[in-house]
Amino acid sequence: MKIDGTPYRSIWVDETDHWSVRIIDQTKLPWAIDIVRLTTMESVAHAIKAMLVRGAPLIGASAAYGVALAMRADSSDAALAQAVTVLGATRPTAINLRWALARMAAKLQPLGGSARAAAAYVEAALICDEDVATNQAIGRHGLPLIEARAATKTVNVLTHCNAGWIATVDWGTALAPIYMAHDAGIDIHVWVEETRPRNQGASLTAWELGKHGVKHTVISDNAGGHMMQRGDVDLVIVGTDRVTRNGDVANKIGTYLKALAARDNGVPFWVALPSSTIDWTIADGLSDIPIEERAATEVTTMTGRALDGSIATIRVVPKDSPAANPAFDVTPARLVSGLITERGLCAANETALREMFHDLA
Ligand code: MRU
């Protein structure tokens, strides 16, 4: 997608040296577009952990390039195993991380040491290109859901967190159908939930949509249910970090409450995902998906632009009050209207998922 007229992906190999990896530091958005150069596997691991890059597909793509950087420095079996271990420990919930590392290891293990670095760059680039094609397909399959509601009025879509182009390599998952609807001239408006505590909605989704010219309004997380009761939401589309084989959906904390509100108000609740987000090894999301616990400071503080123009972090909780910060929740499959995948729309249950992805399950 474009930033001020210039096309970008969220991750790429440096055009000059052809080996280091460039990312947009998402902790600086929307205040600054800070392009960071990553030169070691450890710096990629840090970028994932500290959320300079985030969003399930981009975490996977970044880890793939982390392996490539590791192989460039040392292509031994021990270095490959170490890269998979270190990168795999960065964030627990998004299954795309494990998926990408397993794919890289399967590709590289049979090769001799000297061939590994070049092969790792090729495989990481393939993962990125496939992600872009996958998300375009998700967009195409999701577009009719929006078109169906567009005949007479503005279509109002509510989304939570950021599942846009910067959460993937390009296009996004939940936002891909929205971008395609906008580009097709459909009158569309997005309710963007702020997504406390890290504000991925307010800071990232609003920024992306604004740069592309998509009409949107930021609302507090607590306003989504009210908007649905008022009849101001036609459908909800969110992304996901892991879908179990029976269709349970892990996504950013607060997603479950929106699914409950959507069910109570008869609003369709759709989840957009690439097949790399399906965890075929587990069935029960509530017991088996690891939920990342992040630092309490993400809850006790907020960061933004102060009135004097500086970027400031302020405390919003009394200094002695403890805070807890579960970063994801699980929406049971029964609350999900359907899944938007690169192969088409799919019911959120094991039979439908196995039928659509029989070659992967
Ligand atoms: O903690 P984050 O910002 O990595 O969480 C991101 C989300 O929850 C997204 O909705 C999900 O990864 C899907 S991204 C296409």
Side-chain angles (χ1 to χ4, degrees), residues 1 9-11 23-27 29 47-63 90-100 128 131-132 134-139 142 158-179 190 192-205 207-208 221 236-243 249-259 269-279 285 289-295 298-299 325-331 336 339-342:
M1 306 295 276
R9 283 185 174 189
S10 60
I11 187 165
I23 57 161
I24 302 166
D25 179 352
Q26 299 191 24
T27 65
L29 291 172
I48 297 172
K49 209 176 178 69
M51 294 177 64
L52 281 70
V53 287
R54 27 80 38 217
L58 180 57
I59 290 170
S62 304
T90 49
R91 295 194 70 192
T93 304
I95 191 69
N96 305 62
L97 176 63
R98 194 173 82 193
W99 170 86
C128 289
D131 184 64
V132 178
T134 293
N135 297 331
Q136 285 177 310
I138 289 170
L158 182 141
T159 194
H160 188 70
C161 194
N162 172 264
W165 75 264
I166 55 169
T168 63
V169 179
D170 206 351
W171 281 97
T173 55
L175 295 196
I178 290 169
Y179 285 129
V190 185
V192 177
E193 292 204 316
E194 62 177 345
T195 319
R196 274 283 284 155
R198 288 189 68 102
N199 290 328
Q200 287 95 330
S203 298
L204 304 177
T205 301
W207 175 79
E208 270 195 32
D221 295 322
V236 178
I237 311 180
V238 296
T240 170
D241 292 81
R242 193 183 299 219
V243 171
V249 169
N251 193 46
K252 182 53 54 192
I253 194 78
T255 302
Y256 168 55
L257 291 176
K258 294 313 120 75
F269 182 92
W270 287 87
V271 178
L273 67 141
S275 53
S276 52
T277 301
I278 304 167
D279 185 346
I289 297 179
I291 300 296
E292 181 176 14
E293 287 283 338
R294 291 191 61 87
E298 292 183 351
V299 175
N325 188 10
F328 298 92
D329 60 25
V330 175
T331 298
V336 177
L339 307 171
I340 310 170
T341 79
E342 72 267 30

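Indexing begins at 1, ligand by ligand and atom by atom, following the structure's order.
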Rounded distance [0.5 Å steps], CG in L97 versus OG in S276: 11.5 Å
Sidechain-backbone polar pair: K49 side chain, R91 backbone, donor-acceptor under 3.5 Å: no
Top protein contact for atom 5 (O) of ligand 1, by heavy-atom distance: K252 CE, 3.3 Å
Under 3.5 Å: donor-acceptor pair, side chain of E342, backbone of S275: yes
Plane angle bin for W171 and Y179 - parallel if under 30°, tilted between 30 and 60°, otherwise perpendicular: perpendicular
Numbering as shown, the atoms of ligand 1 that approach Q200 to under 4.0 Å (heavy-atom distance): 1 (O), 2 (P), 3 (O)
Distance, nearest 0.5 Å, that separates CD of E194 from CG of D221: 4.5 Å
N or O pair under 3.5 Å between F328 and ligand 1: no
Part of P57 within contact of ligand 1 (heavy atoms, under 4.0 Å): side chain
Set of residues satisfying salt bridge (charged side-chain N to carboxylate O under 4.0 Å, His left out) with respect to R294, sequence neighbours excluded: E292, E298
Residue from I11, L175, T173, V132 passing side chain to side chain contact (heavy atoms under 4.5 Å, CB included) with T168: T173
Member of T159, N162, T195 meeting the side chain to side chain donor-acceptor pair (under 3.5 Å) criterion with T205: N162
Contact (N/O only, under 3.5 Å) between R54 and ligand 1: yes
Those atoms of ligand 1 less than 4.0 Å from some heavy atom in A163: 14 (S), 15 (C)
Numbered atoms of ligand 1 (with element) below 4.0 Å of C161, judged on heavy atoms: 5 (O), 6 (C), 7 (C), 8 (O)
Min N/O separation G55 to ligand 1 under 3.5 Å: yes
R242 side chain to T93 backbone, donor-acceptor under 3.5 Å: yes
Any A327 heavy atom less than 4.0 Å from ligand 1: no
Pairwise distance OG(S10) to CD(E208) - rounded to 0.5 angstrom: 9.5 Å
Residue pair T240, N251: steps toward the side-chain hydrogen bond (donor to acceptor under 3.5 Å, both in side chains) verdict: CA-CA 5 Å; T240 170; N251 193 46; 5.2 Å; no
Identity and distance of the protein heavy atom lying nearest atom 4 (O) of ligand 1: R91 NH1, 2.8 Å
N162 neighbourhood, listing ligand 1 atoms whose heavy-atom distance to it stays under 4.0 Å: 9 (C), 10 (O), 14 (S)
Proximity winner for atom 13 (C) of ligand 1, if only heavy atoms of L273, T240, T277 are counted: T240
Ligand 1 atoms in contact with A56 (distance to a heavy atom under 4.0 Å): 12 (O), 14 (S)
Nearest neighbour in protein (non-hydrogen) for atom 10 (O) of ligand 1: N251 OD1, 2.7 Å
Residue and atom name of the nearest protein heavy atom (relative to atom 15 (C) of ligand 1), distance in Å to one decimal: T173 OG1, 3.1 Å
Contact atoms of ligand 1, heavy-atom distance to M51 under 4.0 Å: 1 (O), 2 (P), 3 (O)
Heavy-atom nearest neighbour in the protein, as seen from atom 14 (S) of ligand 1, with distance rounded to 0.1 Å: A167 CB, 3.6 Å
Which residue and heavy atom of the protein sit nearest atom 11 (C) of ligand 1, plus the separation: D241 OD1, 3.2 Å
